[in-house]
Amino acid sequence: MALVDHRGRLARFTVRPGNAAEAKEVAPLLDGVPATSELIADKAYDTNKVRAELTSRGIVATIPMRRLPNRKPIEWDRESYRRRHLVENLFATLKQFRGLATRYCKLASTFRSMVCLAGWFVATR
C-alpha cells in the first residue's frame, strides 16, 4: 500500500501480507503526514470506517462506491478520481526492478528496504 504526492512520487508505504485487508492501514499510513485536502483511492477503501477516519481529519474522500445491496449512494468527484493513475504508475515503475516484481526478498524488512531504495532511485532520475 502506498501514498504518493501530487506528482506521483512515493511519500509513504506499508508492507502487508497478501491476504490482509488494506483498509485497516489507512489511519497508520496517514499518521504524521502533513495535512492533505483529498485522498483518492479505489473501491477497496469504500468502508464506513475509512470514510469516518478521513472526515475526522478533514480530508475529502474521493472513493468510488462499491455495489452493495444496502449501501446508500455516496457522491464522489469523477474528475478528481482520474488522478489515481499516479499511484498505479508508481507501482508499474517499481515493478521494473526485478527484485521487487518477483518478490525476491522474502523478509518484510528486506523488501521494505528495497522499496525505499527503488523509490529513491525513481525520484532522483
Side-chain angles (χ1 to χ4, degrees):
M1 203 173 133
L3 184 67
V4 299
D5 65 3
H6 66 282
R7 292 176 53 190
R9 295 176 300 192
L10 182 64
R12 294 184 81 179
F13 69 95
T14 59
V15 177
R16 302 281 298 160
N19 59 351
E22 294 175 338
K24 294 178 182 177
E25 284 295 312
V26 171
L29 193 62
L30 291 175
D31 286 342
V33 174
T36 59
S37 59
E38 179 181 35
L39 179 80
I40 303 171
D42 61 4
K43 290 181 182 184
Y45 300 94
D46 181 31
T47 64
N48 293 334
K49 186 176 180 181
V50 168
R51 289 187 184 273
E53 177 68 31
L54 294 175
T55 302
S56 71
R57 293 175 185 247
I59 300 172
V60 176
T62 304
I63 304 171
M65 204 180 79
R66 288 187 292 167
R67 294 180 191 223
L68 297 174
N70 298 328
R71 187 79 165 158
K72 293 180 182 177
I74 299 171
E75 294 296 322
W76 53 282
D77 187 6
R78 293 178 188 274
E79 280 297 315
S80 181
Y81 187 70
R82 290 182 177 189
R83 291 191 311 258
R84 195 179 75 80
H85 73 88
L86 293 173
V87 73
E88 299 299 336
N89 292 349
L90 173 72
F91 284 126
T93 304
L94 291 177
K95 287 181 180 177
Q96 292 177 1
F97 295 88
R98 183 174 154 239
L100 292 176
T102 59
R103 191 68 193 249
Y104 185 77
C105 305
K106 299 301 178 194
L107 297 176
S109 61
T110 312
F111 187 76
R112 212 174 286 119
S113 300
M114 286 300 298
V115 172
C116 286
L117 184 62
W120 171 81
F121 186 77
V122 169
T124 57
R125 279 190 197 175

Is the closest side-chain heavy-atom distance between Val4 and Asn89 below 4.5 Å?
no

More than 12 heavy atoms from other groups under 6.0 Å of CZ on Arg103:
yes

Minimum-distance pair of heavy atoms, taken over all atoms of Gly8 and Leu86:
CA-CB, 4.0 Å

Any Lys/Arg nitrogen of Asp31 or Arg57 sitting under 4.0 Å from an Asp/Glu carboxylate oxygen of the other?
yes

Minimum heavy-atom separation for Met65 to Asp46, with atom names?
CA-OD2, 3.4 Å

Kindly compute the distance separating CZ (Phe13) from CG (Leu90), expressed to the nearest 0.5 Å.
10.5 Å

Counting C-beta onward and ignoring hydrogens, is there a side-chain heavy-atom pair between Leu30 and Leu3 closer than 4.5 Å?
yes

Nearest non-hydrogen partners of Ile74 and Trp76, listed with the distance:
O-CD1, 3.4 Å

Do Phe111 and Leu100 touch side chain to side chain, with heavy atoms closer than 4.5 Å?
yes

Check whether any side-chain heavy atom of Thr47 lies under 4.5 Å from a side-chain heavy atom of Arg66, and answer yes or no.
yes

So if you build clusters from Ile, Leu, Val, Met, Phe, Trp, Tyr with side-chain heavy-atom gaps below 4.5 Å, do Tyr104 and Val122 land together?
no

Measure the spacing between CZ of Arg84 and CG of Leu39 and express it to the nearest 0.5 Å.
11.0 Å

Give the minimum heavy-atom separation between Leu29 and Arg12, together with the two atoms involved.
O-NH1, 3.0 Å

Please lay out, stage by stage, how Lys49 and Glu53 fare under the test salt bridge (Lys or Arg N to Asp or Glu O under 4.0 Å).
CA-CA 6 Å; Lys49 186 176 180 181; Glu53 177 68 31; over 6 Å; no

How far apart are the closest heavy atoms of Leu10 and Gly119, and which atoms are they?
CD2-CA, 4.2 Å

Side chain proximity check, Asp77 to Val60, heavy atoms < 4.5 angstrom:
no

Heavy-atom closest pair, residues Arg51 and Ala61:
NH1-CB, 4.0 Å

Under 4.5 Å between any side-chain heavy atoms of Ile40 and Val87, yes or no?
no

Within this structure, what is the CE-CG distance for the pair Met114 and Leu94, rounded to the nearest 0.5 Å?
10.0 Å

Arg16 CZ: over 12 foreign heavy atoms closer than 6.0 Å
yes

Nearest 0.5 Å, please: how far is CD1 in Ile59 from CD in Glu38?
10.0 Å

Value rounded to 0.5 Å, distance of OG1 in Thr124 from CZ in Arg9:
11.5 Å

Pairwise distance CZ(Phe121) to CD(Gln96) - rounded to 0.5 angstrom:
10.0 Å

Cluster overlap Trp120 with Phe91, hydrophobic side-chain contacts below 4.5 Å
yes

